[in-house]
Amino acid sequence: MAKRTTKKGARPAPLSADRLRAGWPGPVGSHIRLARAQDTAEVDALLTTAGVRIIPALRSAIEAGTAGSVLLAGLSGTKNTFLSDAARTFAGQNMAESMSSISLTLVAADGQGQPVGALSVTAPGTIIERAMDQAGYDPLRALTLGLVIAKVHGLAVAEAARGQGLAAALLKRAWQVYAQLDYFMLYGSYETERNLGAFYTQHGYTVLAPGEGFLLDRIGLPFGINAGNDQRVFTRWRSRN
């Protein structure tokens, strides 16, 4: 049977929740998949090398099997069901649980199934807080911003596995998930001394100058995200077409 190909520029085939759980073959015999309960210690250790940790509530959710539940439901439904399912979930949970339900944790596992790379994409906590503090949003309305914006909290690969394309594969799959759910943007930041600008630029992100932030007026919010002088912010907006 001929190998199935995708035309350049074509939208990738839709993902399902089951596909995200099962994962995909990755570079050099790796497997890119959703993080599982038994992965949390390794994921936390990997993210520590990037200067962050798994958010405690998210770690608990991964171990309980509830992390990313709203995202998974959205992949198997429609845009309308995604929004309605999220509203019901948020109404019955506290803030930390709700934020965990729209967070995505992926791992790159080696041939023995052990994580050698990890990506944590979370709800945009700072934006949610500012929406409440500066724009007068109530908590539920502020949480809905996490249905259109997500934050790259941490991306790390074990030293022995670097240079093999694992970080790029993790970032690509995360974007595929959020793009299918019609998110407006993903953003994150890193310490300037880490010199990651070329990597993020190569993978479709705009890397801002040290200390430069960005406004959110494009989606009707009267505030933005700031950065310290030792930080560089990167953003990727969904295409307007």
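These numbers were taken from a predicted model, which means no experiment stands behind them.
- Contacts classified as side chain to side chain donor-acceptor pair (under 3.5 Å) and involving residues 101-115 (residues at least two apart or in different chains) are not found.
- Within the model, atoms CG of L171 and CD of Q176 stand 12.0 Å from one another, a figure rounded to the nearest 0.5 Å.
- A single hydrophobic cluster is not seen to contain both L215 and V148; linkage of ILVMFWY side chains at heavy-atom distances under 4.5 Å, directly or through other members, places them apart.
- T40 places no side-chain N or O within donor-acceptor distance of the main-chain N or O of R36, the cut-off being under 3.5 Å.
- Without hydrogens or angle criteria, R53 side chain to T48 main chain gives no donor-acceptor distance under 3.5 Å.
- Once rounded to the nearest 0.5 Å, the distance linking CG of L147 with CG of L181 reads 9.0 Å.
- Taking R88 as the reference, D85 meet the salt bridge (Lys or Arg N to Asp or Glu O under 4.0 Å) condition, with sequence neighbours excluded.
- P14 places a side-chain heavy atom less than 4.5 Å from the side chain of Q180.
- Residues I55 and L170 do not share a hydrophobic cluster, clusters being chains of Ile/Leu/Val/Met/Phe/Trp/Tyr side chains in contact below 4.5 Å.
- N229 places no side-chain N or O within donor-acceptor distance of the main-chain N or O of G211, the cut-off being under 3.5 Å.
- L119 has its side chain out of reach of H153: every pair of non-hydrogen atoms, C-beta onward, lies at least 4.5 Å apart.
- Listed for the H31 side chain is a donor-acceptor partner under 3.5 Å among the backbone atoms of A22.
- Taken from CE in M185 to NZ in K151, the straight-line distance is 11.5 Å, to the nearest 0.5 Å.
- Ring geometry for F214 against Y187 counts as perpendicular: the plane angle is over 60°, on a 0 to 90° scale with 30° as the lower cut.
- Within the model, atoms CD of Q231 and CD1 of I225 stand 12.0 Å from one another, a figure rounded to the nearest 0.5 Å.
- For the residue pair R238 and D182, the shortest heavy atom distance occurs at NH1-O, 2.6 Å.
- For the pair R21 and D18, the salt-bridge criterion is met [side-chain N within less than 4.0 Å of a carboxylate O].
- Side chain of S120 to main chain of G154: no donor-acceptor pair is present (N/O by atom type, distance under 3.5 Å, no hydrogens or angles).
- A side-chain donor-acceptor contact under 3.5 Å links E97 to the backbone of N94.
- Residues V52 and V121 do not share a hydrophobic cluster, clusters being chains of Ile/Leu/Val/Met/Phe/Trp/Tyr side chains in contact below 4.5 Å.
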request  = Show the numbers, then the answer: is there a side-chain contact (heavy atoms from CB on, under 4.5 Å) between L75 and L20?
outcome  = CA-CA 9 Å; L75 292 176; L20 183 56; 3.8 Å; yes
inquiry  = Could you go through F223 and L216, starting from their C-alpha distance and side-chain angles, then the distance that decides it, and tell me whether this counts as side-chain contact (heavy atoms from CB on, under 4.5 Å)?
reply    = CA-CA 6 Å; F223 56 85; L216 290 162; 3.9 Å; yes
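- In the hydrophobic clustering of this structure, L104 groups with Y205; members are Ile, Leu, Val, Met, Phe, Trp, Tyr whose side-chain heavy atoms approach within less than 4.5 Å, directly or through other members.
- Side-chain contact between I102 and Y183 is present, with at least one heavy-atom pair separated by less than 4.5 Å.
- Closest approach of P124 to G146, counting heavy atoms only: CD-CA, 3.7 Å.
- Evaluated for a side chain to side chain contact (heavy atoms under 4.5 Å, CB included) with V157, the options L166, L46, T49 yield exactly one hit, L166.
- Between F234 and T201 there is no side-chain heavy-atom pair separated by less than 4.5 Å.
- Put simply, the side chain of T235 does not reach to within 4.5 Å of the side chain of Y200, judged on heavy atoms.
- Residues A118 and L47 share a closest heavy-atom pair of O-CD2, 4.1 Å.
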query = Stepwise, does the side-chain contact (heavy atoms from CB on, under 4.5 Å) test hold for W175 with L186?
reply = CA-CA 8 Å; W175 177 257; L186 266 66; 4.0 Å; yes
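- Under the 4.5 Å side-chain heavy-atom criterion for ILVMFWY residues, a single connected hydrophobic cluster contains both M99 and L34.
- E212 places a side-chain N or O within donor-acceptor distance of the main-chain N or O of A209, the cut-off being under 3.5 Å.
- Between the CZ atom of R236 and the CZ atom of F184 there is a distance of 16.0 Å, given to the nearest 0.5 Å.
- Judged purely by atom type and a 3.5 angstrom limit, S84 uses its side chain to pair as donor or acceptor with the backbone of N80.
- Contact check for V177 versus L106: no side-chain heavy atoms found under the 4.5 Å cut-off.
- Residues S16 and R19 approach most closely at OG-N, 3.0 Å, considering heavy atoms.
- R232 CZ to R194 CZ: the interatomic distance, rounded to the nearest 0.5 Å, is 13.0 Å.
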Without placing hydrogens or testing angles, list every side-chain donor-acceptor pair under 3.5 Å for residues 135-145, not counting sequence neighbours.
| residue | atom | partner | partner atom | Å |
| --- | --- | --- | --- | --- |
| D138 | OD1 | L140 | N | 3.1 |
| D138 | OD1 | R141 | N | 2.8 |
| T144 | OG1 | R141 | O | 2.5 |

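- Across V207, L155, N195, V152, a single residue satisfies side chain to side chain contact (heavy atoms under 4.5 Å, CB included) together with Y190, and that is V207.
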task = Begin with the C-alpha distance, continue with both residues' side-chain angles, and end with the deciding distance and a verdict on side-chain contact (heavy atoms from CB on, under 4.5 Å) for S30 and V116.
result = CA-CA 9 Å; S30 66; V116 292; 5.5 Å; no
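- Checking side-chain atoms of R59 against main-chain N and O of E63 turns up no donor-acceptor pair under 3.5 Å.
- Salt bridge present: D39 and R33 bring a charged side-chain N and a carboxylate O closer than 4.0 Å.
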